[in-house]
Every structure is written in structure tokens, then in C-alpha cells.
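Beneath this line is the structure, given in C-alpha cells, with notes to follow.
All values below were derived from every heavy atom in this structure, side-chain atoms included, with hydrogens, water molecules and symmetry-related copies excluded. Reminder, nothing fancy here: chain letters follow the sequence lines and each chain counts from 1. Owing to the predicted nature of the structure, the values given are computational and were not obtained by experimental measurement.
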Amino acid sequence: MGLYVSQRDQVTPTKYQRIWDVVAEIPRGRVATYGQIARLAGLGQRARLVGYALHHSPIEIELAWHRVINAHGKISFPQSSERYQRQQVKLEAEGIVFKNGRVDLDTYRWRPTTEEFPDEYFAQERGLQ
DNA sequence: CATATGACCTATG
DNA sequence: TCATAGGCCATAT
């Protein structure tokens, strides 16, 4: 992952690069939660920052933002919104099944390996595996 | 400087 | 399973 320069707001938001890098690692057909991304990016519990970073992600990196959902297994947009529909379509196109408007995290959650990420993440993730 | 606002999370009942 | 409360924190106004 290289340097990202946003053409949208004319700044280089380096503080968000770790978030974008982690999101880019989510494999096709899997999902991650905002909180999970925050921990993997070394941001502790600052899950809201992940949502902010995705909202402001530069257009020129084709980020798989749709693979990030909330801890309830739901899409974090109003269900009636077009953004909600777009995200659901993208996920279903990767084989992810929605049941009652929800994704089964036990089935579809991304579980990175210790080679990819530092041990501190897994130390905090007991109960996730 | 003071509030308000989110693509959020966890604990609790 | 669902709703609520409190916490969270960078930006926006």
C-alpha cells in the first residue's frame, strides 16, 4: 500500500492510511466490523474514526468499503437509503447471505492471521475466534 | 471556546 | 432478541 493523496479535499490524510490499508486486506466474500478495523489499525476502541475515514476515503483507491459493517452484523445506513442498497448488492455479489437484514458474523467475519497483524490484536480478541 | 454530529461499541435489563 | 444509556472522539459550525 503506497501513499494516498486525496483529490477530494486536497490533503494527505496520513492518519487514515492505516485504516485504509487494513480495509484493503479484507478478502472478497468476508466482512469486518468498524471496531475490528480500529483495533487492527492500532486505534484501540475508536470505531467511529473508521466510519469517518471510510466516508472521507479518496476516490482513486478502489477501497472495499462495503466489506465493513457494524457489530450487529448490519449495514450502517438507513435501510431505505440508496447507499444501503448499494452496499448490500456488493456484498451479495460476493456470496454473502443476508438473513433478516443481517449478516452472520460467525460465518462471514474476516479472521486475519498472526503473520498479517501484531499479536496485540489477538490478545484483545478472545472470544472473537 | 461550546455544541452538535456521526458509515460505532459495549454493557445491561 | 431488542432497546437504551453511556462512552467514544475527530470534525463541523
Side-chain angles (χ1 to χ4, degrees):
Chain A
M1 309 305 143
L3 283 173
Y4 306 136
V5 178
S6 172
Q7 296 175 350
R8 178 178 296 161
D9 53 13
Q10 303 287 16
V11 297
T12 304
T14 53
K15 61 205 306 189
Y16 298 146
Q17 286 189 5
R18 284 186 58 81
I19 292 175
W20 296 331
D21 287 346
V22 174
V23 172
E25 297 291 321
I26 309 172
R28 181 181 174 83
R30 314 237 72 165
V31 296
T33 68
Y34 295 92
Q36 183 182 0
I37 298 299
R39 286 189 297 274
L40 285 168
L43 296 170
Q45 300 296 308
R46 282 173 285 179
R48 305 195 79 130
L49 196 57
V50 175
Y52 195 91
L54 291 186
H55 184 77
H56 296 277
S57 64
I59 47 186
E60 57 278 358
I61 64 173
E62 289 169 16
L63 202 62
W65 55 269
H66 60 280
R67 296 178 188 146
V68 185
I69 61 178
N70 66 34
H72 302 301
K74 294 179 178 176
I75 290 173
S76 286
F77 290 121
Q79 194 155 8
S80 57
S81 68
E82 189 187 339
R83 290 191 297 183
Y84 182 102
Q85 297 296 332
R86 202 160 60 231
Q87 186 169 6
Q88 181 173 13
V89 166
K90 280 173 171 284
L91 289 175
E92 287 177 337
E94 300 186 355
I96 290 174
V97 176
F98 282 76
K99 222 182 291 178
N100 298 323
R102 184 173 322 186
V103 169
D104 184 1
L105 288 175
D106 288 337
T107 302
Y108 295 105
R109 187 199 286 270
W110 171 44
R111 290 176 171 80
T113 65
T114 43
E115 286 80 40
E116 295 172 301
F117 289 93
D119 293 334
E120 306 94 61
Y121 168 71
F122 292 93
Q124 298 173 41
E125 286 306 302
R126 263 192 307 275
L128 187 74
Q129 303 278 341

- Query: Given atom NE2 of A:His56 and atom C1' of B:dT5, what is their separation to the nearest angstrom?
  - Reply: 11 Å
- Shortest side-chain distance from A:His55, nucleotide among C:dC2, B:dA7, C:dA10: B:dA7
- Message: Which nucleotide, if any, forms a Watson-Crick or G-U wobble pair with B:dC1, using both distances under 3.5 Å?
- Response: none
- Can you tell me how far C1' in C:dC8 sits from the matching atom in B:dG6, rounded to whole Å? 11 Å
- Measure from CG on A:Leu54 to P on C:dA10 and round the result to the nearest Å. 16 Å
- Of the non-hydrogen atoms in A:Glu94 and A:Arg30, which two are nearest, and what is the gap between them? OE1-N, 4.5 Å
- Query: Rounded to whole angstroms, how far apart are CG on A:Asn70 and C1' on B:dT10?
  - Reply: 13 Å
- Taking only the side-chain heavy atoms of A:Ala47 (C-beta and beyond), determine which of C:dA10, B:dC8, B:dT10 contains the nearest atom. B:dC8
- Task: Please give the nucleotide sitting opposite C:dT1 as a Watson-Crick or G-U wobble pair, both distances under 3.5 Å, or none.
- Result: none
- Roughly, in whole Å, what's the span from CD in A:Gln87 to P in B:dC8? 10 Å
- Please state how far atom CZ in A:Arg48 lies from atom P in C:dA12, giving the value in whole angstrom units. 15 Å
- Note on the structure: Here the distance between atom C1' of B:dC8 and atom CG of A:Leu105, to the nearest Å, is 14 Å
- Query: So do A:Tyr108 and A:Val97 actually touch side chain to side chain, heavy atoms under 4.5 Å?
  - Reply: yes
- P-based separation of B:dA7 from C:dG6 [nearest Å]: 23 Å
- Query: If you look at every strand shown and take non-hydrogen atoms under 4.0 Å, does A:Arg46 touch a base, only sugar-phosphate, or nothing?
  - Reply: sugar-phosphate
- Message: Applying the Watson-Crick and G-U wobble criteria at under 3.5 Å, what pairs with B:dA7? Answer none if nothing qualifies.
- Response: none
- Note on the structure: Whichever of A:His72 and A:Phe77 has the more 5' nearest nucleotide on DNA chain B, that residue is A:Phe77
- Item | Criterion side-chain contact (heavy atoms from CB on, under 4.5 Å) on A:Glu82 and A:Phe77, from CA distance to verdict | CA-CA 9 Å; A:Glu82 189 187 339; A:Phe77 290 121; over 6 Å; no
- Message: Classify A:Arg67 by what it touches in the nucleic acid, base, sugar-phosphate, or nothing, heavy-atom distance under 4.0 Å.
- Response: nothing
- Round to the nearest Å and state the distance from A:Gln88 atom CD to B:dA7 atom P. 19 Å
- Task: Please evaluate the base of C:dA10 for a donor-acceptor partner in the side chain of A:Tyr52 within a cut-off of under 3.5 Å?
- Result: no
- Query: C:dA3 P sits how many Å from A:Lys74 NZ, rounded?
  - Reply: 8 Å
- Task: Could you walk me through whether A:Ile75 and A:Phe98 pass side-chain contact (heavy atoms from CB on, under 4.5 Å), step by step?
- Result: CA-CA 10 Å; A:Ile75 290 173; A:Phe98 282 76; 3.8 Å; yes
- Task: Among the candidates B:dC8, C:dT11, B:dA7, find the nucleotide nearest to the side-chain atoms of A:Tyr16.
- Result: C:dT11
- Heavy-atom nearest pair, A:Leu63 first then A:Ser57, reads CD2-CB, 4.0 Å
